[in-house]
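Before any comments, here is the structure.
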Amino acid sequence: MAQSDNNCNSMELEIEAEAAALREIQNSMAERMALPTKMIPPTAEEQKEIDSRSVFIGNVDFGSSIEDIEEHFKGCGEIIRTTIPKDKFTKKQKNFAYIEFASAESIENALVMNGSLFRSRQIVVTAKRTNKPGMGAQRGGRGRGGFRGGRGGQQTVVVKYVYVNGSSPRGRGGFRGRFNPY
């Protein structure tokens, strides 16, 4: 009995020592990484300032890399960031990109590249526009492949069914009696 108590105490001490070693390793890794826990998005004014130094590049080859784009535009000025968006469902890159320059003067140089050939494709270079709040895809049928045109507000879709084997279940509207195509 005394020996089993001794074994339990020694195991508990060993487990506590391992836990302390793991805590020490985790703390040292957290200090070494020193990353912010949450990235704060820029304010509207900051975003406008960033967009005033950025260009949109359209018709980019799907196989292009960020390095390829930066190499093509390196003569325009110092590049802060290059972004090639990806489709959120397929994870494939889209055929456009954005470049943020260090100064607004670099945009004038980049706009001269409009119509130039990049990987055998004629690219479109324009100044990046600032997105307006509320202009993106909305819930409820608007957005990609949804309703187009019309006057705002909720849209109503009317679908009429043709019942081949008899009248409609409600007994009103549509065809009365059996539908006979011949």
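Atom set for the values below is all heavy atoms of this structure, side chains included, hydrogens, waters and symmetry mates excluded.
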Pair up each side-chain donor or acceptor in residues 20-29 with any protein partner under 3.5 Å, not counting sequence neighbours, and list the distances.
from : atom 1 : to  : atom 2 : distance (Å)
N27  : ND2    : R23 : O      : 3.3
S28  : OG     : E24 : O      : 3.4
S28  : OG     : I25 : O      : 2.8

Exercise for review: Mind running side-chain contact (heavy atoms from CB on, under 4.5 Å) on K92 and F62 for me, showing each step along the way?
Suggested key: CA-CA 8 Å; K92 292 181 181 177; F62 287 100; over 6 Å; no

Check your understanding: For E49 and R53, what are the C-alpha separation, side-chain angles and deciding distance, and is it a salt bridge (charged side-chain N to carboxylate O under 4.0 Å, His left out)?
Key -> CA-CA 7 Å; E49 196 273 327; R53 296 181 282 118; 2.8 Å; yes

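Smallest separation of non-hydrogen atoms from A97 and I69: CB-CD1, 3.8 Å. Contact record, E78 with S106: N-OG, 4.3 Å, taken as the closest heavy-atom pair. Summarising the geometry of I107 relative to S52, their closest heavy-atom pair is CD1-O, 2.8 Å, with the distance given to 0.1 Å.
Residues L111 and I50 do not share a hydrophobic cluster, defined by chaining ILVMFWY side chains whose heavy atoms lie under 4.5 Å apart. In the hydrophobic clustering of ILVMFWY residues, with side-chain heavy atoms under 4.5 Å counting as a link, F118 and Y98 come out apart. The hydrophobic cluster containing I79 does not contain F96, counting ILVMFWY residues as joined when their side-chain heavy atoms lie under 4.5 angstrom apart, directly or transitively. Note: the hydrophobic cluster containing I99 does not contain F56 (ILVMFWY, side chain heavy atoms under 4.5 Å, direct or indirect links).
Contact annotation: the side chain of N114 never approaches that of I123 to less than 4.5 Å [non-hydrogen atoms, C-beta and beyond]. Side-chain contact between N109 and F101: absent, with no pair of heavy atoms (C-beta onward) separated by less than 4.5 Å. A heavy-atom distance below 4.5 Å is not found between the side chains of H72 and S64. At least one side-chain heavy atom of E71 sits less than 4.5 Å from a side-chain heavy atom of K74.
Q47 and D51 form a side-chain donor-acceptor contact under 3.5 Å, judged by distance and modelled atom types alone.
Evaluated for a side-chain contact (heavy atoms from CB on, under 4.5 Å) with I84, the options I66, D68, I57 yield exactly one hit, I66.
Once rounded to the nearest 0.5 Å, the distance linking CZ of R121 with CG of N59 reads 4.0 Å.
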